[in-house]
Amino acid sequence: LETKRLESSLWVGSKRYRAVLTGWHFNWTEVDKKNRDKKTTSVPVAEVVGVEEGRVEILPQKLVEDTDKDFTVFYVKRSSSGGSSGLLWRLGRTQFSCPSRVLRDQWTKHLRTALKTHSPLRPHRLLVFINPFGGKRKGRKIYHSVVAPLFELAGISSHVIVTERANQARDHLLKKDLTGFDGVVCVGGDGMFSEILHGLIGRTQQEAGLCENDPTVTLQPCSLHIGIIPAGSTDCVCYATVGVIDPLTSALHIIIGDSQPLDVCSVHHASALVRYSVSMLGYGFYGDVLAESEKHRWMGPLRYDYSGTMVYLSNRSYAGIVQYLPADPLLSSPRDKTRCLSGCSVCSRSTERLFHHFSDSGSLYSSHFSEFSSDSGGEWVSVKGKFRCVSLTCMSSSCPRSPLGLSPSAHLADGTGDLILVWETNPLGFLKFLYRHTSTQDQFDLPFVEVHRVKAVRFCLPSDKEEEGYEEIGGLNGGIDEEEGGYVETESRTGSQQHLAETDPGREMTNEEKTVSPILCGLCCSKAPAVSVWNCDGEILPFTEILCRIHGQLVRLYARGIEDGAALQSCSEECN
């Protein structure tokens with residue numbers, strides 16, 4: 001539906017403007033005394049937050065001056081975020097004066113009609129969970145002082161629950177009636193987001209009659225969107241999907257109904273679902289850091305720096321067998337130097353690939369399921385050796401300390417993950433790898449590092465480790481169908497050979513890689529453990545042998561990906 005065009009002269013302060021509403025855009029152009037156009041401000045209707053009669057202010061507190069001939073328009077206004085990769089969104093406000101009340105009413109009516117017509121995905125009712133204990137314990141204050149006034153301005157009603165225990169939000173989503181809600185908002189950090197994620201995915205599969213424990217099952221995508229208001233000690237998911245950690249920016253994305261699909265990795269062990277992951281799954285170094293940090297919680301956030309240093313000094317490597325199902329290399333590559341930004345073409349093409357065959361939601365991911373049938377078993381690749389760390393990420397996993405993330409070219413919604421293998425190496429080499437995460441240097445351009453774009457990953461211990469009696473509950477007998485000899489023989493970047501599964505899959509290490517510097521021994525010269533633990537989005541998994549599968553676009557966030565600040569700046573200069 002096309003909104004009727006409306007045009008008239010309005011006043012902003014002492015200056016006269018020609019205001020035009022075309023349906024998709026609301027423009028106002030300053031006009032001088034000789035009726036010549038000067039600077040134009042253009043706001044997409046989709047980014048208008050609200051329209052109020054009179055002279056109104058919302059933040060930092062609501063002030064209303066009820067005047068007959070004035071109206072106030074609130075809209076999204078962008079600004080640079082300094083060191084962050086995205087753009088800050090601010091609440092723009094312009095007060096217009098009309099010649100008459102009739103014209104004022106005409107403007108407010110047309111603007112509100114345009115909002116309903118051109119922003120059909122805006123939420124009307126939201127379920128909000130606040131974690132009062134996360135981060136600096138400011139969740140409640142952030143919501144009531146910043147978010148709630150904006151929701152009221154936009155006409156969004158919300159049901160707020162302040163959580164009192166762990167997993168309360170997850171349990172609520174699994175059991176309570178969610179009828180009438182358009183989305184779920186978490187005010188907290190990555191831990192609270194994980195609760196919401198598990199609750200919504202679990203509820204969706206329950207209602208669809210699907211078994212989450214079976215890794216071959218095609219999971220049903222969630223209908224409710226998830227909004228994140230960052231208020232935790234770690235807000236990596238928010239940073240990787242918006243580009244900034246800022247409650248106001250996130251609230252505005254929710255209000256205008258932005259929709260960003262997100263891939264989710266399911267982690268299984270012995271015919272059972274263990275956990276869902278959206279950012280990082282790490283074994284070795286990253287698992288050890290988390291396990292060590294749990295011993296020093298009294299140190300607060302400083303425990304991560306301390307634990308990272310101690311684990312680095314311990315210089316541990318772990319034996320393991322990694323098997324992975326490669327993604328189509330023609331679609332994208334983890335080293336193609338692209339970045340997943342707002343409007344990403346790789347993710348858009350993936351949407352078409354995942355959905356275009358099906359009209360009913362019950363079979364949305366049927367095409368993806370075929371990739372896990374026994375017919376495609378020959379695509380699996382196996383490598384065996386000693387690793388400093390093994391990581392799998394479904395997104396760049398960028399954060400303020402690592403602006404480009406674990407895998408800078410990873411995508412949010414292409415149905416793949418990036419598998420990063422860091423082989424045993426000397427301490428200085430590993431330090432170089434870690435340091436490159438904080439800079440723009442290519443952390444994969446090292447002889448002991450490999451990265452692969454994958455659809456699924458298995459990890460298990462070599463048989464000699466199993467025989468030594470390390471605690472492990474069975475194998476992955478409930479996983480994807482495994483065929484003898486079903487692996488592709490390939491050559492790795494370091495010259496190592498990846499053998500067929502029917503032989504003993506080994507790896508020929510170079511002399512440099514075999515000789516690990518003895519300068520930095522284990523902590524207190526103690527005997528290093530033979531197995532590490534998995535760090536799954538900041539939680540320790542109870543199992544070592546796991547199977548991971550990437551589910552394309554399983555959930556949707558109220559976000560639009562990281563906006564390219566340089567492109568928007570050049571566009572703004574052209575418009576002006």
Side-chain angles (χ1 to χ4, degrees), residues 49 58-61 84 86 88-91 122-174 176 178 181-200 203 222 224-260 262 278-279 301 399-400 537-539 555-560:
V49 177
I58 297 296
L59 298 176
Q61 60 184 359
S84 298
L88 288 171
W89 281 19
R90 290 292 171 255
L91 186 65
R122 291 195 178 197
H124 301 288
R125 188 163 182 250
L126 295 170
L127 176 59
V128 180
F129 291 97
I130 300 175
N131 178 7
F133 309 108
K136 297 180 180 178
R137 299 175 178 262
K138 292 184 177 181
R140 266 190 280 212
K141 180 180 179 181
I142 288 172
Y143 179 77
H144 291 295
S145 64
V146 177
V147 182
L150 294 177
F151 282 1
E152 181 184 356
L153 169 66
I156 297 173
S157 65
S158 56
H159 178 66
V160 180
I161 297 175
V162 180
T163 59
E164 300 175 350
R165 59 175 176 83
N167 292 321
Q168 180 180 345
R170 182 201 65 184
D171 295 342
H172 185 100
L173 293 171
L174 285 171
K176 301 295 184 179
L178 303 179
F181 290 110
D182 300 306
V184 181
V185 174
C186 63
V187 183
D190 291 330
M192 174 61 82
F193 171 79
S194 182
E195 279 196 40
I196 303 295
L197 181 79
H198 283 78
L200 278 184
R203 176 63 172 267
C222 302
L224 294 180
H225 279 60
I226 301 175
I228 306 173
I229 302 296
S233 54
T234 59
D235 300 289
C236 293
V237 177
C238 180
Y239 191 91
T241 55
V242 178
V244 294
I245 298 176
D246 178 64
L248 177 54
T249 300
S250 294
L252 292 172
H253 278 289
I254 294 170
I255 287 170
I256 70 173
D258 270 342
S259 183
Q260 172 62 55
L262 192 66
V278 296
S279 55
C399 64
D537 290 357
E539 297 289 336
V555 297
R556 285 184 172 268
L557 305 185
Y558 284 120
R560 64 171 58 179

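Every heavy atom of this structure was used, including side-chain atoms; hydrogens, water molecules and symmetry mates were not.
Residues forming a side-chain hydrogen bond (donor to acceptor under 3.5 Å, both in side chains) with D171 (at least two apart in sequence, or on another chain): R165. For the side-chain hydrogen bond (donor to acceptor under 3.5 Å, both in side chains) test, residues two or more places apart in sequence or in another chain that qualify with R203 are E207.
Separating the CG atom in N167 from the OG1 atom in T163 is a distance of 10.0 Å, to the nearest 0.5 Å. R125 CZ to L178 CG: the interatomic distance, rounded to the nearest 0.5 Å, is 10.0 Å. Taking CG of L200 as the reference point, atom CG of L224 lies at 5.5 Å (rounded to 0.5 Å). Put simply, CD1 on I226 and CZ on R556 are 12.0 Å apart, with the number rounded to the nearest 0.5 Å. To the nearest 0.5 Å, atom CD1 of residue I228 and atom CG of residue L197 are 9.5 Å apart. Taken from OG in S279 to CG in L262, the straight-line distance is 9.5 Å, to the nearest 0.5 Å.
Using a 4.5 Å heavy-atom cutoff, the side chains of I255 and W89 are not in contact. Taking 4.5 Å as the limit, every side-chain heavy atom of I254 sits out of range of all side-chain heavy atoms of L150. Between L173 and L127, some side-chain heavy-atom pair lies under the 4.5 Å cut-off. Two residues are said to be in side-chain contact when any heavy atoms from C-beta on lie closer than 4.5 Å; V278 and F193 meet this criterion. Side-chain contact between V187 and V147: absent, with no pair of heavy atoms (C-beta onward) separated by less than 4.5 Å.
When every heavy atom of G232 is checked against every heavy atom of D235, the shortest pair comes out as O-OD2, 3.1 Å. R122 and V49 make their closest contact through NH1-O, 3.8 Å (heavy atoms, listed as atom of the first residue, atom of the second, distance). Here the shortest heavy-atom pairing between N131 and G188 reads CB-CA, 4.5 Å. Nearest heavy-atom pair across Y239 and I245 is CD1-CG1, 3.7 Å. Shown here for L59 and S145, the closest heavy-atom pair between the two residues is CD2-O, 3.7 Å. The minimum heavy-atom distance linking I142 with P230 is given by the pair CD1-O, 4.1 Å.
Sorted by first and then second residue, the salt bridge (Lys or Arg N to Asp or Glu O under 4.0 Å) pairs with a member in residues 246-260 read R90-D246, D258-R560; sequence neighbours excluded. The stretch residues 122-173 participates, sequence neighbours left out, in these ring-ring contact (aromatic ring centres under 6.0 Å, His included) pairs: F129-H172. Pairs of residues two or more places apart, or lying in two chains, that qualify as salt bridge (Lys or Arg N to Asp or Glu O under 4.0 Å) and include a residue from residues 129-157 are K62-E152. Applying the side chain to side chain donor-acceptor pair (under 3.5 Å) test to pairs two or more places apart or on separate chains, those with a residue in residues 181-199 are D190-T234, S194-H198, S194-R275.
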(message) Before you tell me yes or no, could you show the steps for L91 and I58 under side chain to side chain contact (heavy atoms under 4.5 Å, CB included), namely the whole-Å CA-CA distance, both residues' side-chain angles and the distance that decides it to 0.1 Å?
(response) CA-CA 9 Å; L91 186 65; I58 297 296; 4.3 Å; yes
